[in-house]
Amino acid sequence: CIQAEFNDGNVLAALSKVKEAYAKLPASGKYGWNLGYQMLMINAYRVLGDFDSAADSVREVDALMTNLKRSPSWSEYGENWTTNAERARGEYQMAAGKNVAAELSFVRAISALDSKIKKIDSGVYGGNTRRTFDKTRSLFTKAIILNRLGQSLANQRKLAEAEYHYRLSL
């Protein structure tokens, strides 16, 4: 299991499993899955300090997002895909020392997530039981991104703003 390898600290094994699963995806369609695997690769490369490969995966995410925006599923999953893509980009940028760019990515992620939460609250997704539309999960994700935004702000020495976002994340 990919997550088990990450949790055990075996990032190389996790990366190997991600690449293996990614290679088995169909050539067309299922871009949401492609996006998910690319985001896992960004995370693994970031942890390993391989910023060139992480940057390549970020570019791949950009290309996938272009395709996804033309997808009929964009109206349903667009905010989720945007949240995850911007979060992955922000994590990479912060690890690469690009804290201003990371701040912008985290703000974009939060904006997309807030839009999704608003739709959940208004009943747009009806009785959809997919985890993607679970409000508790979305709020947990928001807390993580707010924390990471706080870190990017602290890295820029914007301490008052950082404290505000750290507190929001609690």
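- The environment of Y164 atom OH is sparse: at most 12 non-hydrogen atoms of other residues, nucleotides or ligands sit within 6.0 angstrom.
- Scanning both residues, S169 and L146, for their nearest heavy atoms gives CB-CB, 3.8 Å.
- Side chain of T83 to backbone of E79: a donor-acceptor contact under 3.5 angstrom is found.
- Linking ILVMFWY residues whenever their side-chain heavy atoms come closer than 4.5 Å, directly or via other members, leaves L153 and V100 in distinct clusters.
- No side-chain donor-acceptor contact under 3.5 Å links S111 to the backbone of R108.
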| task | Output, in order, the C-alpha distance, side-chain angles, deciding distance and verdict of side chain to side chain contact (heavy atoms under 4.5 Å, CB included) for F106 and M94. | result | CA-CA 10 Å; F106 291 135; M94 194 162 59; 4.3 Å; yes

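- The salt bridge (charged side-chain N to carboxylate O under 4.0 Å, His left out) pairs that include a residue from residues 120-131 are D121-K135, where partners are two or more places apart or lie in different chains.
- Between T82 and the options M65, K69, R87, K116, a side chain to side chain contact (heavy atoms under 4.5 Å, CB included) holds for only M65.
- Counting heavy atoms from C-beta on, the side chains of E161 and L149 never come closer than 4.5 Å.
- Side-chain N or O atoms of K119 include none that pairs as donor or acceptor with a backbone N or O of D114 at under 3.5 Å.
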Can you give each donor-acceptor pair under 3.5 Å made by side-chain atoms of residues 9-19, sequence neighbours left out, with the distance rounded to 0.1 Å?
| from | atom 1 | to | atom 2 | distance (Å) |
| --- | --- | --- | --- | --- |
| N10 | OD1 | A13 | N | 3.3 |
| N10 | ND2 | E5 | OE1 | 3.4 |
| K19 | NZ | Y45 | OH | 3.2 |

| message | What verdict does the side-chain hydrogen bond (donor to acceptor under 3.5 Å, both in side chains) test give for Q151 and N147, after you've listed the backbone C-alpha separation in whole Å, the side-chain angles of each residue and the deciding distance to 0.1 Å? | response | CA-CA 6 Å; Q151 183 64 53; N147 182 279; over 6 Å; no

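- Both I117 and I110 belong to a common hydrophobic cluster when Ile, Leu, Val, Met, Phe, Trp and Tyr are linked at side-chain heavy-atom distances under 4.5 angstrom.
- The backbone N or O of N80 sits less than 3.5 Å from a side-chain atom of N84, completing a donor-acceptor pair.
- Ring planes of Y37 and Y22: perpendicular class, angle over 60° (limits at 30 and 60°).
- Taking the charged nitrogens against the carboxylate oxygens, D62 and R59 have no contact shorter than 4.0 Å, which rules out a salt bridge.
- Within a 6.0 Å sphere centred on NZ of K98, other residues, nucleotides and ligands contribute 12 heavy atoms or fewer.
- Between the side chains of Q38 and N34, no donor-acceptor pair of N or O atoms lies under 3.5 Å.
- Side-chain heavy atoms closer than 4.5 Å link hydrophobic residues (I, L, V, M, F, W, Y) into clusters, and following such links, even through other members, never connects I144 to M39.
- Across Q93 and A101, no two heavy atoms sit closer than the pair OE1-O, 3.0 Å.
- Hydrophobic clustering places W33 together with F6 (ILVMFWY residues linked when any side-chain heavy atoms are closer than 4.5 Å, directly or through intermediates).
- In the model, E86 has a side-chain atom that pairs as donor or acceptor with a side-chain atom of S105 under 3.5 Å.
- Here the straight-line distance linking atom CG of L139 with atom CD1 of I120 works out to 8.0 Å at 0.5 Å rounding.
- The hydrophobic cluster containing Y166 does not contain L159, counting ILVMFWY residues as joined when their side-chain heavy atoms lie under 4.5 angstrom apart, directly or transitively.
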| side chain to side chain contact (heavy atoms under 4.5 Å, CB included) between E76 and N128: does it pass, once the steps are laid out? | CA-CA 11 Å; E76 187 174 6; N128 195 323; 3.3 Å; yes

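- Residue pairs meeting the ring-ring contact (aromatic ring centres under 6.0 Å, His included) criterion with at least one member in residues 113-144, sequence neighbours excluded: Y77-F133, Y125-F133.
- With hydrogens and angles ignored, the 3.5 Å screen pairs a side-chain donor or acceptor of Q156 with a backbone N or O of N99.
- Interatomic distance, CH2 of W81 versus OG1 of T132, reported as 9.5 Å (0.5 Å rounding).
- Shown here for A162 and G150, the closest heavy-atom pair between the two residues is CB-O, 3.3 Å.
- Taking CD1 of I42 as the reference point, atom OG of S53 lies at 11.0 Å (rounded to 0.5 Å).
- Inter-residue side-chain proximity for D50 and D52 is flagged as met; some heavy-atom pair is nearer than 4.5 Å.
- The distance from atom CD1 of I145 to atom OG of S152, rounded to the nearest 0.5 Å, is 11.5 Å.
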